[in-house]
Amino acid sequence: MRSTGIRRTLVALGVGALALTACGSDGDAADGKTRITVNCMPPKSAKVDRQFFEEETAAFEKKNPDIDVVPHDAFPCQDPKTFDAKLAGGQMEDVFYTYFTDARHVVDINQAADLTPYVKELKSYSTIQQQLRDIYTVDGKVYGIPRTGYSMGLIYNRELFQKAGLDPDAPPATWDEVRTAAKKIAALGDGVVGYADYSAQNQGGWHFTAELYSQGGDVVSADGKNATVDTPEGRAVLQTLHDMRWKDESMGSKQLLVINDAQQMMGSGKLGMYLAAPDNIPILVKEKGAAYKNIAIAPMPGGKATLVGGDGYMFSKEATPEQIRAGLKWLDHMFLTPGDGFLGDYARAKQNDAPVGLPEPRLFTGAADAKDQQAKQANANVPVENYQSFLDGNQKLEMKIEPPHAQQLYSVLDGVVSAVLTKEDADIDQLLKDASGKIDGILSRS
């Protein structure tokens, strides 16, 4: 699942409609160039990002006059309603965007090109974090290239912490401390909520998973065959939510929240804490009315693990060797050059009032990481001190990606979380037992 509110809605196309317009290309333009189609071009409504993308694509083509890049404007970059249909119908771009959780699925249905013979030509590949490379490596073969990553943490309002007598430089490190802080913040009154959590549109299941990870638990067994939610860790997650909601009354009366609800509450100064990734911060400031100085992020409470996600690019199984080589060069230029390109030109981002210095998980290692961090620090325009505990704390946490069949599992777990937050007498043991059976059924059919 994406970490922010950037999951924009898109009208779903039927398979028949998809068949009307081919997305891939034959690889050979009339002028002898190698042509590649790529997706995830920012929409026209995102003027600055669109401008950057176009500028970098033009710069790439100037540097590589034998390559013609045809970007496709699509947001969300991947629509779950059409993703499999596009793959099955041969309508996917030559170089296409995927979430980390898609990698195994795309390989399993035989729709991804094997990049192993070509990846040595990707200059940046060896500098990318090994755990991110592993996500796109299946049975020893490379099928994709990571582009960005995120990890979950605890976003909190420094001003409300101070008003509640809490130290904003010492955020909660355990779930008991979260509960105590939430109670004090809610006691401020005037509609202030101490802690908010999602419980609808699969987002409740997503957050349950993150909270379960933080307690040292997991959603499915290591072999992916059985549910592991009906455990002491699973009960601990739900009991904490239940007690905060009903005993402490620190979560407010309005429930069945989704990400936009929490962002609205935080931006208006009415929410103390919620779980999210760092890329929520500019949304809170630019769209919801918050100030950078008041928004901070801490590592996931619990001290065990945090949920990580992200995205990258894979290649159509119909892509020619020339297209694969061209696509890898494009990825290098756009996303994988420290301190430069579409994502890494921090000086340009700063000049255009885009946030620089947010604590995203590091993509690179070694000298490449040092160069990227130096460029970021030199152009930082946000209060980086507000994020230091997140950066320090993440070094001690296990980084765990989302479970297999994540969206199906989240749908099941949504009902569990929503029941706990809307029914004071919810039977936690029975809810977990029922969810475990449903998850086992999903896993058995895979």
Side-chain angles (χ1 to χ4, degrees), residues 1-4 98-105 124-138 142-155 171-175 178 203 205-224 228-229 233-234 237 274-281 297-312 335-336 338 343 358-366 368-370 372-373 376 387-407 409-410 413:
M1 181 158 274
R2 289 290 293 157
S3 59
T4 72
T98 57
Y99 300 144
F100 283 172
T101 49
D102 297 320
R104 170 72 67 166
H105 170 64
S124 61
Y125 189 69
S126 63
T127 72
I128 300 172
Q129 293 274 2
Q130 184 65 51
Q131 65 178 0
L132 300 183
R133 284 188 275 162
D134 288 346
I135 290 168
Y136 284 102
T137 302
V138 179
V142 178
Y143 289 96
I145 309 298
R147 185 191 75 151
T148 62
Y150 75 85
S151 64
M152 300 285 282
L154 183 72
I155 288 184
T174 68
W175 283 104
V178 169
Q203 295 175 26
W206 174 39
H207 268 204
F208 174 89
T209 299
E211 291 157 358
L212 185 58
Y213 286 176
S214 78
Q215 300 266 18
D218 215 330
V219 176
V220 300
S221 57
D223 61 9
T228 53
V229 296
E233 293 83 5
V237 170
Y274 76 108
L275 296 183
D279 56 1
N280 268 229
I281 296 173
I297 186 169
M300 279 291 291
K304 299 291 180 64
T306 184
L307 184 150
V308 299
D311 55 49
F335 309 116
L336 302 174
L343 292 181
L358 295 174
E360 298 97 343
R362 295 182 176 183
L363 182 66
F364 305 108
T365 59
D369 174 65
D372 191 60
Q373 293 302 310
K376 182 181 292 185
Y387 322 133
Q388 195 59 49
S389 68
F390 175 80
L391 292 170
D392 294 341
N394 266 8
Q395 302 302 312
K396 305 169 187 175
L397 299 178
E398 180 184 358
M399 302 284 149
K400 299 184 67 170
I401 65 170
E402 296 175 86
H405 313 289
Q407 295 307 318
L409 272 55
Y410 292 165
L413 295 169

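Residues: numbered from 1 along the sequence shown. Fair warning: this is a prediction, and the values are worked out from it, not measured in the lab.
The backbone N or O of T306 lies less than 3.5 Å from no partner atom in the side chain of S214, so there is not a single donor-acceptor pair. With hydrogens and angles ignored, the 3.5 Å screen pairs a side-chain donor or acceptor of T365 with a backbone N or O of T127. In terms of modelled atom types and a separation under 3.5 Å, the side chain of D392 and the main chain of S389 share no donor-acceptor contact. Side-chain atoms of Y143 do not come within 3.5 Å of backbone N or O of V138 as any donor-acceptor pair. Side chain of Y213 to main chain of I401: a donor-acceptor pair is present (N/O by atom type, distance under 3.5 Å, no hydrogens or angles).
Across H207 and L275, no two heavy atoms sit closer than the pair CE1-O, 3.1 Å. Across all their heavy atoms, F100 and P146 have their closest contact at CE2-CB, 4.5 Å. Between I297 and P359, the shortest heavy-atom distance links the atoms CG2-CG, 4.1 Å. Summarising the geometry of F335 relative to F364, their closest heavy-atom pair is O-CZ, 4.3 Å, with the distance given to 0.1 Å. P403 approaches T209 most closely through the heavy-atom pair CD-CG2, 4.0 Å.
Within the 4.5 Å cutoff, the side chain of V237 has no heavy atoms near those of the V229 side chain. The shortest side-chain heavy-atom distance between W206 and E402 falls under the 4.5 Å cut-off. Looking at I145 and Y136, their side chains never come closer than 4.5 Å, going by heavy atoms from C-beta outward. Between P278 and F390 there is a side-chain heavy-atom pair separated by less than 4.5 Å. The shortest side-chain heavy-atom distance between V308 and P361 does not fall under the 4.5 Å cut-off. A 4.5 Å side-chain heavy-atom check between L409 and V220 finds at least one atom pair inside the cut-off. Side-chain contact check for Q129 versus M399: every heavy-atom pair is 4.5 Å or farther apart.
At most 12 heavy atoms of other shown residues, nucleotides or ligands fall within 6.0 angstrom of atom CZ in R362.
Q215 contributes atom CD, which lies 7.5 Å from atom NZ of K304 (distance to the nearest 0.5 angstrom).
In summary, of the residues considered (L336, L343, D372), a side-chain contact (heavy atoms from CB on, under 4.5 Å) with L363 occurs for L336 alone.
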